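One structure below.
Side-chain atoms are counted along with the backbone in the values below, which use heavy atoms only and exclude waters and symmetry mates. The chains referred to below are lettered A, B, ... by the order of the sequence lines, with proteins before strands, and numbering in each begins at 1. Source: prediction; values computed, not measured.
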Amino acid sequence: MTDNRTLARRPAGRQGTRAPHARDLLAWYDRHRRALPWRALPGEHADPYRVWLSEIMLQQTTVKAVGPYFAKFLALWPDVGVLAASPVEEVMKAWAGLGYYSRARNLHACAKAVVADHGGLFPASLEDLRALPGIGDYTAAAIASIAFGIAAPVVDGNVERVVTRLNLMETPLPAAKPAIRARVAELLDSARPGDFAQATMDLGATICTPKRPACALCPWTGACRAEAEGRQEEFPVKAARKARDTRYGAAFVVVSADGKLLVRTRPDKGLLGGMTEVPGSDWSAGFDPEGAEPPIEARFRRLAGTVTHVFTHFPLELTVSRADVRAGTRPPAGMRWIPLSEVAGEAFPTLMRKVIAHAMGDGDR
DNA sequence: TACTCGTGGAC
DNA sequence: TGTCCAAGAGT
């Protein structure tokens, strides 16, 4: 490959590029940082509660989607104490539509732990943060660095992309994670760890994008091995995800004459855990809609069309049947009536809102 | 390690 | 239109 003289003059693994420096990234960040609702202004002190709340919401979720939820949560629960004192059901309602609902349950559990075990203040150490519900390696490092100025390597999807490109790392994710974390630990600026973390994420979000990265605008242009080889879009390397079969099921919308909807609550754990749903069958690849058992004795009519929804790991197609029953009908065990006027504020995941809209003739498009 | 766990937007 | 993906965590 490379002869010994070349190796003697240039560090191994960096032929053709100069070394990246945190100061170049931070200078770029000082001019181009995104103004985000949860961020402190330059020179100001970041609020650990807001940092934590935003970091939980931003897990696998876009900045745009988080925006209105962050504002709503801050208005409902301005600090960790009032959040901890709120019923978890209210938190699930407020989280409805944002996805990954175990985050909401863990958010509430974390708030209670902060109050019970840390006097209502977020702990200022990586280890103590990591021990809290819903806080993993990434989020602990992010809170530690952004809110407390602790020099910890913050590695999210953005940083993985930036660093694997910078260093031409061919190892597929997630096996490459330890090497990425080690490289970030070398690169980071211990004088401005929070800014460095947010700068690497801003860089990945705005310049070092998955497709068509804007390398000409990058503060690390010339220091990136992937750019030098014109192979930016090949990184990070990821194992191909396997396709999953569509699952099928039936949903039943039961409306009473006095304007109420029959619902139940899903188990806390598992898919859509703790969220409200209309009764229905299990969902499976081999499901036969004709064999679905209605939740109540009534005249159901099968509605035209189906409701489709795509989860991360499988597509779903539901038939919808509706029955209208008399006022005062007793709900089956484990179910309850809610007024139709309260559907909007109920803890329905998006899938269930599609089902209800379909049955109410609101149109599905 | 590999799988589960939502949603909406970009291409 | 299907595929990928977005500030990951829990098991």
Side-chain angles (χ1 to χ4, degrees), chain A residues 33-34 36-39 50-70 92 95-107 109-110 129-147 152-162 172-178 180-181 184 194 196-206 208-212 233 236 238-244 246-247 266-275 277 283 308-316 347-354:
Chain A
R33 54 182 287 159
R34 292 178 291 175
L36 300 172
W38 42 87
R39 275 190 181 168
R50 297 186 185 209
V51 173
W52 164 72
L53 179 60
S54 68
E55 290 300 342
I56 301 299
M57 289 185 168
L58 287 162
Q59 289 166 6
Q60 296 291 286
T61 308
T62 58
V63 165
K64 181 181 178 183
V66 165
Y69 284 87
F70 181 79
M92 306 307 289
W95 196 277
L98 197 55
Y100 285 142
Y101 297 102
S102 65
R103 290 185 297 173
R105 183 167 303 281
N106 284 331
L107 184 85
C110 182
L129 288 166
R130 182 65 179 81
L132 289 166
I135 296 183
D137 288 337
Y138 161 77
T139 305
I143 297 172
S145 58
I146 297 170
V154 176
V155 181
D156 74 330
N158 289 305
V159 178
E160 287 172 353
R161 187 167 57 254
V162 170
L173 286 170
K177 279 203 163 198
I180 294 171
R181 184 175 290 104
V184 171
F196 180 87
Q198 294 174 95
T200 49
M201 293 190 281
D202 274 17
L203 186 69
T206 64
C208 195
T209 49
K211 304 294 181 188
R212 300 178 60 81
E233 293 190 17
K238 293 182 180 179
R241 69 176 61 173
K242 51 183 169 185
R244 301 294 291 267
T246 298
R247 298 182 195 177
R266 294 177 63 87
D268 284 346
K269 295 188 183 262
L271 188 65
L272 306 176
M275 302 300 283
E277 67 174 1
W283 306 332
T308 60
H309 192 73
V310 181
F311 294 106
T312 303
H313 48 304
F314 68 91
L316 177 67
F348 286 118
T350 296
L351 165 64
M352 285 299 143
R353 295 191 188 277
K354 289 183 184 178

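For the pair A:K269 and A:R34, nearest-nucleotide mapping onto DNA chain C gives the more 5' position to A:R34. Both A:K242 and A:P349 lie near DNA chain B, and the one whose nearest nucleotide falls closer to the 5' end is A:K242. Where A:A140 and A:T209 meet DNA chain C, the nucleotide closest to each residue was compared, and A:T209 sits on the side nearer the 5' end.
Looking at heavy-atom distances under 4.0 Å, A:R161 makes contact with sugar-phosphate atoms alone, never a base. Residue-level contact check: A:V154 touches neither bases nor backbone, having no heavy atom under 4.0 Å from any strand. Within the nucleic acid shown, A:P174 has no heavy atom closer than 4.0 Å to any nucleic acid atom. Counting non-hydrogen atoms under 4.0 angstrom, A:T139 reaches the backbone sugars and phosphates but no base. Within the nucleic acid shown, A:T350 comes within 4.0 Å of sugar-phosphate atoms alone, with no base atom in reach, counting heavy atoms only. Residue A:W38 is in base contact, counting any heavy-atom pair closer than 4.0 Å across all strands shown. Using a 4.0 Å heavy-atom cutoff across all strands shown, A:G97 reaches sugar-phosphate atoms only and no base atom. Counting non-hydrogen atoms under 4.0 angstrom, A:L36 reaches a base of the nucleic acid.
Remark: the separation of the P atoms in B:dA2 and C:dA7 is 23 Å, to the nearest Å. Nucleotides C:dA6 and B:dC5 are separated by 22 Å at their P atoms, to the nearest Å.
When each of A:W38, A:W52, A:F70 is paired with A:M57, the side-chain contact (heavy atoms from CB on, under 4.5 Å) condition holds for A:F70 and for no other.
Atom CG of A:L173 is separated from atom P of C:dC4 by 15 Å (rounded to the nearest Å). When rounded to the nearest whole Å, the span between CE of A:M201 and C1' of C:dA7 equals 5 Å. Taking atom CD of A:Q60 as the reference point, atom C1' of B:dC3 lies 14 Å away to the nearest angstrom. Between the CE atom of A:M275 and the P atom of B:dT4 there is a distance of 21 Å, rounded to whole Å. Taking atom CG on A:L351 and atom C1' on B:dT7, their separation rounds to 11 Å, with Å as the unit. The nearest whole Å value for the distance from the CD atom in A:E160 to the P atom in C:dC4 is 17 Å. Rounding to whole angstrom units, CE of residue A:M92 and P of B:dC5 are separated by 14 Å. Protein atom CD1 of A:I143 is 11 Å distant from nucleotide atom C1' of C:dA7, rounded to whole Å.
Residues that satisfy the side chain to side chain contact (heavy atoms under 4.5 Å, CB included) test with A:A147, not counting sequence neighbours, are A:P48, A:V51, A:I143. The side chain to side chain contact (heavy atoms under 4.5 Å, CB included) test applied to A:T62 returns A:K64, A:A65, not counting sequence neighbours. Judged as a ring pair (Phe, Tyr, Trp, His ring centres under 6.0 Å), and not counting sequence neighbours, A:W283 has no contacts. For A:R103, the side chain to side chain contact (heavy atoms under 4.5 Å, CB included) partners two or more places apart in sequence, or in a different chain, are A:I56, A:Q59, A:T61, A:W95, A:L98, A:Y100. Among residues two or more places apart in sequence or in another chain, the ring pair (Phe, Tyr, Trp, His ring centres under 6.0 Å) test is passed with A:F311 by A:H309, A:F314. Residues satisfying the salt bridge (charged side-chain N to carboxylate O under 4.0 Å, His left out) test with A:E160, not counting sequence neighbours, are A:K177. Annotation: salt bridge (charged side-chain N to carboxylate O under 4.0 Å, His left out) contacts of A:R353 (sequence neighbours excluded): none. Considering only residues two or more places apart in sequence or on other chains, A:D137 meets the side chain to side chain contact (heavy atoms under 4.5 Å, CB included) condition with A:R130, A:R181. For the salt bridge (charged side-chain N to carboxylate O under 4.0 Å, His left out) test, residues two or more places apart in sequence or in another chain that qualify with A:R34 are A:D202.
Taken to the nearest 0.5 Å, the CZ atom of A:R247 stands 6.0 Å off from the NE2 atom of A:H313. Atom CD of A:E55 is separated from atom CG of A:L129 by 11.5 Å, given to the nearest 0.5 angstrom.
Of the candidate nucleotides C:dA7, B:dT4, B:dT7, B:dT4 has the atom lying nearest to any side-chain atom of A:R244. Distances were taken from every side-chain heavy atom of A:R39 (C-beta onward) to each of B:dG8, C:dA7, C:dT11; the shortest belongs to C:dA7. In the set C:dA6, B:dT7, C:dG10, the nucleotide with an atom closest to the side chain of A:T62 is C:dA6.
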* Before giving the answer on side chain to side chain contact (heavy atoms under 4.5 Å, CB included), spell out for A:L203 and A:V159 the whole-Å C-alpha distance, their side-chain angles and the decisive distance to 0.1 Å. => CA-CA 8 Å; A:L203 186 69; A:V159 178; over 6 Å; no
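Under 3.5 Å, the side chains of A:R39 and A:Q198 contain a donor-acceptor pair of N or O atoms.
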Write down the protein N/O and nucleotide N/O pairs, taken from nucleotides 9-11 of chain B, whose separation is under 3.5 Å; answer none if there are no such pairs.
none

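Contacts with DNA chain C (heavy atom under 4.0 Å) in residues 98-105 of chain A: none are found.
For C:dA9, its base never sits under 3.5 Å from the side chain of A:R130 at any donor and acceptor pair.
In secondary-structure terms, DNA chain B builds stems of at least 3 consecutive Watson-Crick or G-U pairs, each pair having both distances under 3.5 Å, at B:2-5 with C:8-11, B:7-11 with C:2-6.
Applying the 4.0 Å criterion to OP1 and OP2 of B:dC5, one finds that A:H313 has a side-chain N or O inside that range.
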